[in-house]
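Comments concern the structure below.
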2 protein chains.
Amino acid sequence: MSRTTRQRSALAELLARTPEFRSAQQIHAMLGEEGEPVSLATVYRNLNALAENGEVDVLATEGGESRYRRCVRTEHHHHLVCRRCGHTVEVAETSVERWAAQTARRHGFSEVSHEIELHGICDTCRSGS
Amino acid sequence: MSRTTRQRSALAELLARTPEFRSAQQIHAMLGEEGEPVSLATVYRNLNALAENGEVDVLATEGGESRYRRCVRTEHHHHLVCRRCGHTVEVAETSVERWAAQTARRHGFSEVSHEIELHGICDTCRSGS
DNA sequence: TTGATTGCAAAGTGTTTGCAACTAG
DNA sequence: CTAGTTGCAAACACTTTGCAATCAA
């Protein structure tokens, strides 16, 4: 019921080494550049399947676009992104996780997940320009 | 530079008495049913203007659809959203703000802003199904 | 062989935009 | 009067789907 195709392997391989969220379109482009062309429709079909299976996380963006990332079950972390150059630092914090869980419980919510993104201007950009 | 039109008043009035997030399409339909027809384009244009002005909150949903609601709190706050029904609670927390600022500084970032969204299943939905 | 999977192009979303007509101030 | 607004329809961006060709098992 589930076959191993070139397209699927290429997608899985790309996701495996991409820690950040990427849109389906970005993934489609990246695969093409790497000489592993996969049609956009197939990218969508497989990402949706993976998402349903809980193997990738999906994030809705303001632009009405979905972004996908392999599910990192082990260590949860967040991103600190430079507005200007895109430089990204991964930060892990347990106090926030605890706050999120508590807040949710206090309001009667269960199965809580949270997305946090910090944006700023990094050191280099501030001195540089 | 900003005029008071029938359409704008109708929209403002509707938002004023609607506490939950609604999509632009829903708002468009509601206005029509109330005998205050406003074109979809105008609904979008005005909602975007209000959002830019900080008078309504915008929320991106999984379906790639934006939902709007009049801004209740004036202070900075975050959202706790039910994945299933969209029921939303606004939460304010200072500890997180502090954490964000500290973390950013520690990594040499300045002018930091942060976006946080909590997602879960609300009480009603859990008991319901 | 044969049913799952793919690519293509067409169709579907939700949202934005160009433009002529309209209207509040 | 006249610049801000509106409605319409066309344009957009992202995503899904029908279908015939392809390919893993």
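Here is the naming used below: chain letters follow the sequence lines, and residue numbers restart at 1 for every chain.
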> Out of curiosity, B:L11 CG to B:T5 OG1, how far, rounded to the nearest 0.5 Å?
Replying inline: 9.0 Å
>> At less than 3.5 Å, do the side-chain atoms of B:R45 and the base atoms of D:dG4 form a donor-acceptor pair?
In response: no
> Does a nitrogen or oxygen in the side chain of B:S66 sit under 4.0 Å from OP1 or OP2 of C:dG14?
Replying inline: no
>> Measure CZ/B:R6 against C1'/D:dG7 and give the value in whole Å, please.
In response: 11 Å
> Given D:dT5, is OP1 or OP2 found less than 4.0 Å from the side-chain N or O atoms of B:S2?
Replying inline: yes
>> Taking only side-chain N and O atoms of B:N46, does any of them lie within less than 4.0 angstrom of OP1 or OP2 on D:dT5?
In response: no
>> Ignoring hydrogens and geometry beyond distance, is a side-chain donor-acceptor pair present between A:E55 and A:Y68 at under 3.5 Å?
In response: no
>> Please report the distance, rounded to the nearest Å, between OH in B:Y44 and P in C:dT15.
In response: 3 Å
> Out of C:dT15, D:dT5, D:dC19, which has the shortest distance to the side chain of B:R8?
Replying inline: D:dT5
>> Expressed as a whole number of angstroms, how long is the span from A:L11:CG to C:dG7:P?
In response: 11 Å
> Counting distance only, does the side-chain N/O of A:E52 pair as donor-acceptor with the main-chain N or O of A:A49 below 3.5 Å?
Replying inline: no
> Out of D:dG7, D:dT5, C:dG7, which has the shortest distance to the side chain of B:T5?
Replying inline: D:dT5
>> Please classify the nucleic acid contact of A:S23 as base, sugar-phosphate, or nothing, using heavy-atom distances under 4.0 Å.
In response: nothing
> Any donor-acceptor pair under 3.5 Å linking the side chain of B:R6 with the backbone of B:P37?
Replying inline: yes
>> I need the CD-C1' distance between A:E36 and C:dT6, as an integer number of Å.
In response: 15 Å
> So do A:R22 and A:M30 actually touch side chain to side chain, heavy atoms under 4.5 Å?
Replying inline: yes
>> Check the phosphate of C:dG7 against A:T42, side-chain N and O only, distance under 4.0 Å to OP1 or OP2. Yes or no?
In response: yes
> Quick check: does any side chain N or O of B:R8 sit under 3.5 Å from a backbone N or O of B:R3, one acting as donor and the other as acceptor?
Replying inline: yes
> Would you say A:H28's side chain and A:V43's backbone share a donor-acceptor pair under 3.5 angstrom?
Replying inline: no
>> Rounding to an integer number of Å, can you tell me how far B:H28 NE2 sits from D:dT6 P?
In response: 14 Å
> With side chains defined as the heavy atoms from C-beta onward, is the minimum distance between B:Q25 and B:Y44 less than 4.5 Å?
Replying inline: yes
> Under 4.0 Å between a side-chain N or O of B:Q7 and OP1 or OP2 of D:dG7?
Replying inline: yes
> Rounded to whole angstrom units, what separation is found between the CG atom of A:N48 and the C1' atom of C:dA4?
Replying inline: 17 Å
> Nearest of C:dG3, C:dG7, D:dG4 to any side-chain atom of A:R3?
Replying inline: C:dG3
> Tell me: CD1 of B:I27 to P of C:dG14, nearest whole Å?
Replying inline: 14 Å
Between the protein and nucleotides 9-13 of chain D, are there any N/O to N/O pairs under 3.5 Å, and if so, what are the atom names and distances?
none

>> In this structure, how many angstroms lie between the C1' atom of D:dG7 and the CG atom of B:L31, rounded?
In response: 15 Å
